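Here's the structure, in structure tokens; my notes come after.
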Amino acid sequence: MSVALAGVKSRPWAQPSSRPVIDAPSLSVVPAPAPRRGFTLCVLTCAVLFIGALLLSFYLNTRMVQGAYEMEAIKVTLSTVQIEEETLAARAAEATSAQGLRSQATALGMVPATGLRHIDLDAGTVSTATK
């Protein structure tokens, strides 16, 4: 190992240099600060803010749940109304069909026409249809 160190030249920047000694500043014991009068008010304010935030979150949560129940009730009502609308549309389509009109006319006592006549309003005449 001494052989390995013998080949290394000393480097001037690698050698320790003496540094000046600085005297330590004088330290003294400082008394603890007197308790502040606003500590109780600060704790009370923090407690009120915490309880207020908690109550606000409970209130908002309750309103959201209530809104969900209202939305569900509206969906049920909408579904019922859609079923009624589909039923009425089917009944209206059945009533306006040719077969439905014929059965309604028969129920009212109407009979099919045997001869057709046309009224000409300009001439003021009634004419029979010719085939």
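These numbers come from a predicted model, not from an experiment. Hydrogens, waters and symmetry mates are skipped; everything else that's a heavy atom, side chains included, is used. Position 1 is the first residue of the sequence; numbering continues from there.
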Taking only distance into account, with no hydrogens and no angle test, what donor-acceptor pairs under 3.5 Å do side-chain atoms of residues 91-107 form with protein atoms, sequence neighbours excluded?
{"from": "Thr96", "atom 1": "OG1", "to": "Ala92", "atom 2": "O", "distance (Å)": "3.0"}
{"from": "Thr96", "atom 1": "OG1", "to": "Ala93", "atom 2": "O", "distance (Å)": "3.3"}
{"from": "Ser97", "atom 1": "OG", "to": "Glu94", "atom 2": "O", "distance (Å)": "2.8"}
{"from": "Ser97", "atom 1": "OG", "to": "Gly100", "atom 2": "N", "distance (Å)": "3.3"}
{"from": "Ser103", "atom 1": "OG", "to": "Gln99", "atom 2": "O", "distance (Å)": "3.4"}
{"from": "Ser103", "atom 1": "OG", "to": "Gly100", "atom 2": "O", "distance (Å)": "2.9"}
{"from": "Thr106", "atom 1": "OG1", "to": "Arg102", "atom 2": "O", "distance (Å)": "2.8"}

Point-to-point distance, once rounded to the nearest 0.5 Å, from CZ of Phe50 to CG of Leu55: 10.0 Å
Show me the donor-acceptor pairs, under 3.5 Å and distance only, between side chains in residues 63-88 and residues at least two apart or in other chains.
{"from": "Arg63", "atom 1": "NH1", "to": "Gln66", "atom 2": "OE1", "distance (Å)": "3.2"}
{"from": "Thr77", "atom 1": "OG1", "to": "Ala73", "atom 2": "O", "distance (Å)": "3.0"}
{"from": "Thr80", "atom 1": "OG1", "to": "Val76", "atom 2": "O", "distance (Å)": "3.0"}
{"from": "Thr87", "atom 1": "OG1", "to": "Ile83", "atom 2": "O", "distance (Å)": "2.9"}

Anything under 3.5 Å between a donor and an acceptor, one on a side chain of residues 109-125, the other on a protein residue two or more places apart or in another chain? List them.
{"from": "Asp120", "atom 1": "OD1", "to": "Asp122", "atom 2": "N", "distance (Å)": "3.4"}

Whichever hydrophobic residues join Leu60 through chains of side-chain contacts under 4.5 Å: Leu56, Tyr59
Quick one: hydrophobic cluster around Leu41, which other residues, with the 4.5 Å side-chain cut-off, linked directly or via members? none
